[in-house]
Structures are given as structure tokens and as C-alpha cells.
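Below: one structure, written as C-alpha cells.
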Amino acid sequence: MLLASALAWLGTGTKEGYILAILLCVFAVMISVFAKEMEKLVHESFLIRHQRDRLVEQLDRERQQVALARDHAEQAYNAKSRFLAAASHDLRQPLHALSLFSATLALHARSHEVRDISDHIGRALSSLTALVNSLLDISKLDARAVSPELQAVDALAVIERVVADYGPAAARKGLDVRIVPCHAVVHTDPMLLDRVLRNLIDNAIKYTARGLVKVAMRPKTDKLQIIVQDSGEGIPEAERQRIFEEFYQIGNSERDRTKGLGLGLAIVKRIAHLIGTEVSLSSEIGRGSRFAFHVPLASSMPVPNACESSPAADGDTLRGRSVIIIDDEPDVRVGMRRLLEAWGCAALVCAGLDDARHLLEEHQPKLDLIVVDFRLRAGESGIEAVEELRRRLGPVPALLVTGDTAPERLKEAEASGLPMLHKPVAPEALRMAMVSAMSVG
Ligand code: ADP
């Protein structure tokens with residue numbers, strides 16, 4: 001149409017006609033160029049939209065794949081935690097029986113050779129027990145089965161207790177362990193604080209050949225900083241994150257068990273998270289390492305009574321004592337009887353409540369202590385057994401031994417108010433608990 005008008009204007013033969021015809025032609029060319037560009041743009045935007053739709057679809061697919069992979073990873077993680085919990089739980093019973101037999105063997109060992117073998121068995125059992133306990137700790141922490149019980153805690157008392165426990169280990173290596181004290185009441189879970197300190201101090205002593213291990217307390221505005229510092233071998237920068245992973249150890253590719261298990265710091269990291277802190281690490285190769293964390297100060301809260309000192313486990317306190325053992329595991333019954341007899345006790349063993357009733361009716365023994373498994377066969381519980389025995393015999397002291405790890409079962413056991421031991425029980429811990437129960441009762 002524009003070209004037709006241009007031709008018409010050209011036909012007028014006037015100067016204006018020529019100018020208008022040229023302008024119309026230029027205009028026509030511009031419009032056609034513009035139209036072409038527009039067409040290209042529309043086409044490109046169509047392509048872009050198409051491409052975008054494809055990308056969105058691809059992204060959706062990838063998102064689904066990521067979600068699937070995350071689900072798989074979570075399932076694998078949960079399966080691992082369940083496996084660890086089940087394995088460590090099932091290992092506790094035979095390990096408990098083994099500890100009892102091993103301690104009895106040590107007491108009966110007359111020849112040097114048997115004593116040597118018995119020492120080796122004892123050491124192997126200790127590391128196995130430590131491994132099972134650490135696995136159980138990790139699985140309980142992963143399963144969120146540990147909930148901190150926050151209270152006012154005398155931090156110095158906790159530190160002093162842990163340092164005192166490690167005194168002999170430090171002395172064997174000629175190490176000086178020093179506390180830089182301050183009196184601070186903190187708001188935390190004392191058991192969990194104890195676990196963190198134990199692991200850090202244990203490492204500080206283990207990885208320091210000479211010099212000093214220092215536990216310093218530094219009050220900040222509303223927090224207390226606790227530092228465990230050593231003059232040991234130090235930790236290379238590249239390893240400082242990885243050592244907090246499970247089973248990660250520096251320079252123990254042969255997995256020599258005497259060099260630890262590689263679980264201590266993994267436990268520390270989880271507990272620190274649980275009590276709302278984070279452990280920081282600085283280190284210098286050949287000069288030492290420094291682990292630090294914070295706990296909130298709780299100066300306005302009263303500190304609960306300091307722990308009563310537990311009585312020394314004195315063998316003679318057990319001699320001549322009459323103890324009834326109720327446990328549904330035959331191996332544990334035999335192991336307990338042998339060990340208690342070796343300590344000079346008269347041990348009466350029963351598999352359950354019925355057995356115990358018969359024994360009481362037939363022999364009418366005078367009992368000094370009841371040691372009972374928390375979970376007995378046929379749905380019977382150790383707490384019921386203690387209640388029934390006490391109804392018949394009066395307030396006999398009692399100890400509950402449990403291989404249970406499920407938090408609700410443990411809460412039930414704790415609610416009974418009876419002193420509780422966790423399988424596998426180290427023979428020395430059993431002896432101390434027996435002495436303590438009888439001296440209180
Ligand atoms: P474990 O001590 O049983 O091997 P941990 O998880 O407690 O396991 O520690 C992991 C690794 O970190 C150790 O194997 C050790 O190499 C290193 N490590 C931990 N604490 C220290 C320390 N204070 N000094 C030097 N190395 C350390």
C-alpha cells in the first residue's frame with residue numbers, strides 16, 4: 001500500500017511528489033526491517049520460553065532426584081544408627097558375663113602364666129567394653145535419645161573430679177596436670193559436661209609425651225570458657241575438622257585398638273551441640289593443642305549439694321555378706337556367683353521371681369543385698385522383684401543392673417530410685433556399688 005502511494009506521488013511529477021515518494025519508500029523499507037526484527041524477536045522469545053520450560057522440567061526432575069537421594073541418605077543413616085544401637089545392645093549381655101568370668105579368673109590365677117593370660121583378657125575386655133559403650137553413646141546421641149538435664153552445676157567441682165580420675169594416668173607418663181580455677185556456677189547438664197571434659201582430658205594426656213596438661217576456667221560476661229590445653233604433638237591443620245568425625249584417627253591406619261577408637265571427639269562434638277556449645281581447636285605442631293568451649297553462667301541459681309563421696313570399695317565389707325542375684329541369663333548368673341564367692345560373699349542365684357520365692361520359702365535366708373536384672377523373663381521386672389522381696393524381708397538394700405538402652409525403659413528404671421548399673425558392669429564398679437548400697441542401707 002505504501003509503495004502504491006509512493007508510485008502515485010511519483011506520478012504527480014512535482015518536486016514535493018518526488019520527496020514524498022522517496023520518504024514513503026524509506027518508510028516502507030524501515031517498516032519491513034522492523035517487522036522482520038519483530039518476527040525474529042517473537043521467534044526467539046518463543047524459543048527461550050520453550051527452553052525455560054525444558055529447564056524448569058529438568059530442574060523439577062533434579063529436585064526430585066536430590067530429594068530421593070536425601071531420603072536414601074537419611075534411611076542409610078538411620079539404619080546405621082539402628083544397627084549400632086542393636087549391635088551394642090546385644091553385645092552387652094555376653095560382655096557383662098565375660099567381665100565377671102575374667103575378674104573371677106584373675107582372682108583364682110595362681111601361676112604367673114595364667115595371671116599373664118588373665119591380664120591380657122582383662123585388657124582386651126576393657127577396650128571391647130569401651131568400644132561398645134562409645135558405640136552406644138554415639139547411637140543414643142544420633143537417635144536424639146539423650147536430653148540434657150540442665151541445672152546449676154559447680155564447674156570447678158566437676159573439673160576437679162575428672163582431673164583427679166586421670167591423675168594416675170598422667171603420673172604414669174610424668175605429666176603435670178594443672179587446673180587454672182575459678183568458682184563458677186554454670187547452667188548445664190553435669191553428666192554431659194563430665195563426658196566432654198573426660199574425652200578432652202583423656203586425649204590431652206594420651207597425645208602428650210612430656211610437659212603439661214592445663215584445664216583453665218575463664219569467666220566471660222555471661223559464660224564460662226573452659227580450655228583443655230596440652231604441650232603434646234599437635235594436630236595438622238588439614239586434620240582439625242576430620243578428627244571430629246566418627247572413627248577418624250591420625251596415623252592409625254592399622255587401627256591399633258591400644259591407640260583408641262576414634263570416637264571420643266565425635267561424641268564430644270555431638271554432646272557440645274546438645275548443650276548448646278561448639279568446641280574450637282587451635283594447635284601448633286610439636287607444641288600442643290588447645291580445645292575450648294563455653295557453658296552459660298548461672299550465678300543466681302543455688303548449687304546442689306556436692307556429691308557425697310562414695311565409700312572406698314573395701315573387700316572386707318563384702319566378706320560374709322549374703323547376696324541374692326536374680327538374672328534370667330544363665331551365663332550372668334554363673335559369672336556373678338563365681339565372682340561374688342571369690343569376694344567372700346554367700347551368693348544365692350535365681351532366674352526369676354518364682355525361683356526367688358521358692359528359695360526364700362525353703363531356706364529363709366538372711367539377706368544383706370539384692371542384685372537384680374531390670375528386665376526378667378515373662379514380662380517380670382527387677383523392680384517388682386525388689387518390692388516383693390522387701391515385703392517379705394524388710395528394707396534390704398538393692399541394686400538394679402540393666403542392659404536396657406531405650407530411654408523410656410531407662411526412665412522407668414531410674415524412677416524406681418534404686419541404684420542402677422549398666423551392663424557390661426566392670427567388676428570394680430560392681431564391687432563399689434555393692435559396698436555403697438550396703439553402707440547406705
Ligand atoms: P581417639 O583418641 O580414640 O583416637 P578421638 O576421636 O578422641 O579418638 O580423637 C581423634 C584423633 O584426633 C586422635 O586419633 C588423635 O590423632 C587426634 N587428637 C585428639 N586429641 C588430640 C590432642 N590433644 N593432641 C593431638 N592429637 C589429638
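Only heavy atoms go into these numbers, but all of them, side chains included; no hydrogens, no water, no symmetry mates. We count ligands from 1, going down the list as the structure has it; atoms in each ligand are counted the same way. Source: prediction; values computed, not measured.
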- Interatomic distance, CE@M434 vs CG@L421, rounded to 0.5 Å, equals 10.0 Å
- Taking heavy atoms and a distance under 4.0 Å, where does L263 meet ligand 1: side chain, backbone, both or neither? backbone
- Message: I need the contact type for E239 against ligand 1. Using non-hydrogen atoms and a strict under-4.0 Å cut-off, is it side chain, backbone, both or neither?
- Response: neither
Contact (N/O only, under 3.5 Å) between [X] and ligand 1:
X    : answer
G262 : yes
G264 : yes
I235 : no
N203 : yes
D230 : yes

- With respect to atom 27 (C) of ligand 1, which of Y207, F244, F247 exhibits the smallest heavy-atom separation? Y207
- Note on the structure: Looking only at non-hydrogen atoms, the one of L200, T208, N199, L265 nearest atom 5 (P) of ligand 1 is L265
Proximal atoms of ligand 1 relative to [X] (non-hydrogen, under 4.0 Å):
X    : result
F291 : 20 (N), 23 (N)
Y248 : 10 (C), 11 (C)
K206 : 1 (P), 2 (O), 3 (O)
I250 : 14 (O), 16 (O)
S289 : 24 (N)

Taking the side chain as C-beta and beyond, is there a heavy-atom pair between [X] and [Y] under 4.5 Å?
X    : Y    : result
L212 : L175 : no
L263 : F247 : yes
I267 : S134 : yes

Are [X] and [Y] ion-paired here, with the side-chain N under 4.0 Å from a carboxylate O?
X    : Y    : value
E362 : R357 : no
K214 : D230 : no
R337 : D327 : no

- Heavy-atom donor-acceptor pair, D189 side chain to L192 backbone, under 3.5 Å: yes
- Report yes or no: is the cationic atom of R431 (NZ for Lys, CZ for Arg) under 6.0 Å from the centre of the six-membered ring of W343, at an angle within 45° of the ring normal? yes
